[in-house]
Trainee: 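Take a look at this one; I'll ask things after.
When reading the values below, keep in mind they use all heavy atoms of this one structure, side chains included, and skip hydrogens, waters and symmetry mates.
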Amino acid sequence: MVQKLYVTYNDVHNLCREVAPKILETFNPQLMIAIGGGGYVPARILRSFLKRPGSANIPIQAIGLSLYESLGDNVVEEPGTKVTRTQWLDLTALGSMKNLIGKRILIVDEVDDTRTTLEYAVKELQKDVEAARQALGEGEETQFAIFVLHNKDKPKKGTLPEDIISQGRYFAAVTVGDEWICYPWEAGDIEEHDRNAAEAKAKKAAAAQN
């Protein structure tokens with residue numbers, strides 16, 4: 001039986017609030033890129049906690065990548081094997097890729113599962129920005145960081161650039177086991193979702209007392 005972890009909107013809010021000071025202190029991003037659709041809500045919440053007094057809101061761009069494939073009604077989705085690009089950066093807002101040169105960019109997603117999607121996102125963004133930098137013939141290197149709500153403690157299929165890990169630019173709010181995470185924006189009945197989350201937390205608390 002698949003173990004499920006129910007995450008509420010309050011959980012997401014609190015996880016973002018807890019990690020934001022560390023992100024600000026060690027990276028201080030100038031732009032966020034949310035991987036849809038799981039990265040949209042965390043990115044928006046995180047932006048509120050990354051805003052410094054008197055400064056403008058950090059812009060949020062969105063990219064669409066699909067890795068999961070449906071297996072039918074009432075069946076938990078399983079990771080796919082190929083990343084599909086469904087949406088990319090909005091150059092009408094950015095102006096051009098050269099405007100990302102030398103910036104500190106935080107990539108946001110909800111979960112680091114197999115790491116396949118994150119690997120694709122980082123490599124493709126790095127490739128596009130580097131092409132713009134080469135075309136310009138100058139410019140500082142763009143730095144990328146990653147924020148996820150949940151990192152699954154499991155072997156990863158994808159890999160991330162070594163400097164992101166070694167330089168502390170990988171931020172996971174919490175590390176969990178290899179369980180299926182049920183996020184509130186995926187719920188058909190949000191009241192039932194919250195009841196399941198409350199029941200699971202109550203059972204965990206009771207088990208900890210025994």
Side-chain angles (χ1 to χ4, degrees), residues 7 9 11-65 83 85 87-113 115-133 136 138-151 158-175 183 185:
V7 178
Y9 282 113
D11 293 332
V12 175
H13 188 98
N14 289 329
L15 289 174
C16 291
R17 176 178 53 81
E18 291 166 6
V19 179
K22 183 177 180 180
I23 295 175
L24 267 178
E25 179 183 354
T26 62
F27 188 64
N28 192 21
Q30 297 166 291
L31 172 71
M32 284 191 282
I33 297 179
I35 300 178
Y40 295 156
V41 175
R44 175 57 191 89
I45 295 173
L46 186 63
R47 183 172 74 172
S48 295
F49 293 112
L50 293 178
K51 180 177 171 61
R52 294 182 184 275
S55 64
N57 281 319
I58 299 173
I60 300 176
Q61 280 273 323
I63 59 175
L65 302 175
V83 177
R85 184 191 292 197
Q87 176 185 346
W88 207 238
L89 299 174
D90 180 9
L91 294 182
T92 60
L94 284 175
S96 69
M97 289 300 299
K98 71 179 183 180
N99 291 327
L100 298 184
I101 297 172
K103 295 293 192 299
R104 296 182 302 277
I105 301 174
L106 181 66
I107 300 170
V108 180
D109 206 359
E110 85 275 45
V111 61
D112 182 357
D113 189 340
R115 196 162 282 178
T116 307
T117 299
L118 285 172
E119 176 187 42
Y120 181 92
V122 173
K123 286 185 175 180
E124 289 298 298
L125 289 167
Q126 285 182 326
K127 182 179 69 175
D128 288 355
V129 174
E130 181 59 23
R133 192 170 76 93
L136 191 64
E138 60 182 10
E140 298 180 4
E141 183 178 350
T142 300
Q143 289 192 333
F144 289 93
I146 292 170
F147 169 73
V148 293
L149 294 171
H150 298 93
N151 172 40
T159 58
L160 297 174
E162 192 278 333
D163 61 316
I164 287 183
I165 304 298
S166 65
Q167 295 177 16
R169 290 187 271 124
Y170 175 87
F171 305 94
V174 65
T175 297
Y183 290 101
W185 47 83

Trainee: So with a 6.0 Å cut-off around NZ of Lys51, is the heavy-atom count from everything else above 12?
Mentor: yes
Trainee: For Gln87, does the CD atom sit with more than 12 other heavy atoms under 6.0 Å from it, leaving out its own atoms?
Mentor: yes
Trainee: Can you measure from CD1 (Ile107) to CZ (Arg169) and round to the nearest 0.5 angstrom?
Mentor: 10.0 Å
Trainee: Would Lys127 and Glu130 pass as an ion pair if we require N to O under 4.0 Å?
Mentor: no
Trainee: Quick check: do Phe49 and Glu18 have side-chain heavy atoms less than 4.5 Å from each other?
Mentor: no
Trainee: Considering all heavy atoms of both residues, which atom of Ile23 and which atom of Leu106 are nearest to each other, and what is their separation?
Mentor: CG2-CD2, 4.1 Å
Trainee: Kindly give the heavy-atom pair with the smallest separation between Met32 and Arg47, and that separation in Å.
Mentor: CE-CB, 3.4 Å
Trainee: Report the residues that fulfil side-chain contact (heavy atoms from CB on, under 4.5 Å) with Tyr183, sequence neighbours left out, ordered by chain and then residue number.
Mentor: Val7, Glu110, Val111, Leu149, His150, Ile181, Trp185, Glu186
Trainee: Please report the shortest heavy-atom distance between Ala43 and Val108, naming the atom on each side.
Mentor: N-CG1, 3.8 Å
Trainee: So how far is it from Leu89 CG to Ile33 CD1, rounded to the nearest 0.5 Å?
Mentor: 5.0 Å
Trainee: Might you point out which heavy atoms bring Trp88 and Ala121 nearest each other, and give the distance in Å?
Mentor: CH2-O, 4.5 Å
Trainee: Measure across Ala172 and Tyr170 and return the closest heavy-atom pair with its distance rounded to 0.1 Å.
Mentor: CB-CE2, 3.9 Å
Trainee: Would you call Leu65 and Arg85 a side-chain contact if the rule is heavy atoms closer than 4.5 Å?
Mentor: yes
Trainee: Let's go through Leu118 and Ile35 carefully: what are the C-alpha distance in whole Å and the side-chain angles of both, what is the deciding distance for side chain to side chain contact (heavy atoms under 4.5 Å, CB included) to 0.1 Å, and is it a yes or a no?
Mentor: CA-CA 9 Å; Leu118 285 172; Ile35 300 178; 4.0 Å; yes
Trainee: Taking the side chain from Arg133 and the backbone from Ile101, do they hold a donor-acceptor pair closer than 3.5 Å?
Mentor: no
Trainee: Looking at OG1 of Thr142 and CD of Gln126, how far apart are the two atoms once the value is rounded to the nearest 0.5 Å?
Mentor: 9.0 Å
Trainee: Does some side-chain heavy atom of Leu31 sit less than 4.5 Å from a side-chain heavy atom of Leu100?
Mentor: yes
Trainee: Which heavy-atom pair separates Tyr40 from Ile63 by the least distance, and what is that distance?
Mentor: OH-O, 4.4 Å
Trainee: Measuring from Thr26:OG1 to Arg104:CZ, what's the distance to the nearest 0.5 Å?
Mentor: 11.0 Å
Trainee: Can you tell me how far the CG atom of Leu136 sits from the CE atom of Met97, to the nearest 0.5 Å?
Mentor: 12.5 Å
Trainee: Distance from Thr159 atom OG1 to Glu119 atom CD, nearest 0.5 Å?
Mentor: 4.0 Å
Trainee: Quick check: are there more than 12 heavy atoms from other residues, nucleotides or ligands sitting under 6.0 Å from NZ of Lys98?
Mentor: no
